[in-house]
Asker: 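This is the structure I want to talk about, given as C-alpha cells.
Keep in mind that the numbers below use all heavy atoms, side chains included, and drop hydrogens, waters and symmetry copies. Here the structure is a predicted model, which is why all the values come from computation and not from measurement.
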Amino acid sequence: MKLDDVRADLSAVLFTEEHIETRIGELAAQIDQDYADKSPLLVGILNGAVMVMADLSRALSIHCEMDWMAISSYGSGVASSGVVRILKDMNTSIVDRHVLIVEDIVDTGLTLSYLIENLKSRNPASIEVCAGFRKPEAVRNHVSVKYLGFDIPSDFVVGYGLDYAGRYRNLRGLGILSPKVYS
C-alpha cells in the first residue's frame, strides 16, 4: 500500500518508502561490519517487525539466521501494565549465539526490557537491538538500541509494520494517523 492510497487518513507523512529503504540500507551496512565474522541470529518480534526484518535481512551481505517471537504486554489498552507474556517463543537455541532483536518500534521500552532480560538468561554470546522507530518522549524504561532507524514523535503512527486495528501495517511509508480515523 502506498502513502497516496491512504493520504486522507494521515495528518502527516513522516517517512516515505524511499527514506525508510535508505536508512535500512545504512543499518544493514553497519550490521555487516559489526557482525562480519559472527553469523548473527535475527529475532523478529511479531507482528510489527515483519517489514523491518524482511527488508533488513535482504539488505545484509553477511550470513544470518532468523527466528521469531511474539510478545504480549497487556493492560488497559492505552497503557501497558508492565506484565509481559511470551505468546510464541523461538525455535532456535541462542546459547553462545550473537542475537540481534529486530523490533518495529520502541515505545515505553517495558516489553523490550523484559525480553532482553529473558534472552540473557538463555546464555547468548551477545544481545543487541535493531528498531525501525523509537519514541524517545514515551520511553519509561531505557533500553539500548544499537541500530536505530528513526526517532519519531509520540503521535499515533501507522505504516511499515505498525497498525491501527489491524490496518495500515502494509503501508510502505510511515505516517501520523489522523484522529478522525480512531475517534
Asker: Are Val145 and Val157 connected in the hydrophobic side-chain network, where two residues link if heavy atoms are under 4.5 Å apart?
Answerer: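 No.
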
Asker: Under the side chain to side chain contact (heavy atoms under 4.5 Å, CB included) rule, collect the residues that match up with Ser39, sequence neighbours excluded.
Answerer: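 Applying side chain to side chain contact (heavy atoms under 4.5 Å, CB included) to Ser39 gives His63.
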
Asker: So, for Asp32 and Ala59, which heavy atoms are closest and what is the spacing to 0.1 Å?
Answerer: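 Minimum heavy-atom contact is OD2-O, 4.3 Å.
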
Asker: Measuring from atom CZ of Phe150 to atom NE2 of His19, what distance do you get when rounded to the nearest 0.5 angstrom?
Answerer: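 If we round to the nearest 0.5 Å, Phe150:CZ and His19:NE2 are 7.5 Å apart.
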
Asker: Please test Leu87 against Ser72 for side chain to side chain contact (heavy atoms under 4.5 Å, CB included), starting from the C-alpha separation and ending with a verdict.
Answerer: CA-CA 7 Å; Leu87 302 176; Ser72 172; 3.6 Å; yes

Asker: For the residue pair His98 and Tyr35, does the interplanar ring angle fall in the parallel (under 30°), tilted (30 to 60°) or perpendicular (over 60°) class?
Answerer: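 The rings of His98 and Tyr35 stand perpendicular, inter-plane angle above 60°.
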
Asker: Look up atom CG in Asp55 and atom CD in Glu17, then write down how far apart they are to the nearest 0.5 Å.
Answerer: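 Interatomic distance, Asp55 CG to Glu17 CD, rounded to 0.5 Å: 8.5 Å.
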
Asker: Can you tell me how far the CD1 atom of Ile105 sits from the NZ atom of Lys135, to the nearest 0.5 Å?
Answerer: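 Nearest 0.5 Å value for the CD1-NZ distance: 4.5 Å.
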
Asker: Does the pair Asp9 and Tyr164 meet the rule for a side-chain hydrogen bond (donor to acceptor under 3.5 Å, both in side chains), with working shown?
Answerer: CA-CA 11 Å; Asp9 294 350; Tyr164 169 67; over 6 Å; no

Asker: How far does CD1 of Ile101 sit from CG of Leu115, to the nearest 0.5 angstrom?
Answerer: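 So the CD1 of Ile101 and the CG of Leu115 are separated by 4.5 Å.
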
Asker: Between the side chains of Arg172 and Asp5, is the shortest nitrogen-to-carboxylate-oxygen separation below 4.0 Å, so that they form an ion pair?
Answerer: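 No salt bridge links Asp5 with Arg172.
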
Asker: Do Phe133 and Leu27 sit in the same hydrophobic cluster, where Ile, Leu, Val, Met, Phe, Trp and Tyr count as joined when their side-chain heavy atoms come under 4.5 Å apart?
Answerer: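 Yes, Phe133 and Leu27 fall within the same hydrophobic cluster.
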
Asker: Decide whether Leu100 and Val106 are clustered together by the hydrophobic rule: side chain heavy atoms of Ile, Leu, Val, Met, Phe, Trp, Tyr closer than 4.5 Å, transitively.
Answerer: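 No, separate clusters.
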
Asker: For the atom pair CD (Glu65) and OG (Ser57), what is the distance rounded to the nearest 0.5 Å?
Answerer: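 OG of Ser57 is found 12.5 Å from CD of Glu65.
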
Asker: Looking only at non-hydrogen atoms, find the nearest pair between Thr16 and Leu3 and report the distance.
Answerer: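 For Thr16 versus Leu3, the nearest heavy atoms are CA-CD1, 4.0 Å.
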
Asker: So, for Ile152 and Pro136, which heavy atoms are closest and what is the spacing to 0.1 Å?
Answerer: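 For Ile152 and Pro136, the tightest heavy-atom pair comes out as O-CD, 3.5 Å.
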
Asker: Between CZ of Arg97 and CG of Leu41, what distance do you get to the nearest 0.5 Å?
Answerer: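 So the CZ of Arg97 and the CG of Leu41 are separated by 5.0 Å.
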
Asker: Locate the shortest heavy-atom distance separating Leu42 from Cys64; write the atom from each residue and the value.
Answerer: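 Here Leu42 and Cys64 meet closest at CD1-SG, 3.8 Å.
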
Asker: What pair of heavy atoms forms the shortest contact from Leu112 to Val129, and how long is it?
Answerer: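 So the two residues come closest at CD2-CG1, 3.8 Å.
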
Asker: How about Tyr160 and Val52: do any of their side-chain heavy atoms sit closer than 4.5 Å?
Answerer: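 Result yes, sub-4.5 Å side-chain heavy-atom pair found.
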
Asker: Please lay out, stage by stage, how Trp68 and Val43 fare under the test side chain to side chain contact (heavy atoms under 4.5 Å, CB included).
Answerer: CA-CA 5 Å; Trp68 298 92; Val43 178; over 6 Å; no

Asker: Would you please say whether a donor-acceptor pair under 3.5 Å links the side chains of Asn141 and Tyr114?
Answerer: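 Distance-only check fails for Asn141 and Tyr114.
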
Asker: Evaluate the side chain to side chain contact (heavy atoms under 4.5 Å, CB included) criterion for residues Arg169 and Asn47: first the C-alpha distance (whole Å), next the side-chain angles of each, then the deciding distance (0.1 Å), finally the verdict.
Answerer: CA-CA 9 Å; Arg169 203 179 287 280; Asn47 286 327; 3.8 Å; yes

Asker: What about Val102 and Ile94, same hydrophobic cluster or not, with Ile/Leu/Val/Met/Phe/Trp/Tyr joined at side-chain heavy-atom distances under 4.5 Å?
Answerer: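 Looking at the clustering, Ile94 is in a separate group from Val102.
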
Asker: Show, in sequence, the C-alpha distance, side-chain angles and deciding distance for Leu171 and Met51, and conclude whether the side chain to side chain contact (heavy atoms under 4.5 Å, CB included) test is met.
Answerer: CA-CA 10 Å; Leu171 183 61; Met51 304 304 178; over 6 Å; no

Asker: Closest approach of Pro124 and Lys120, non-hydrogen atoms and distance?
Answerer: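 Looks like CD-O, 3.6 Å.
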
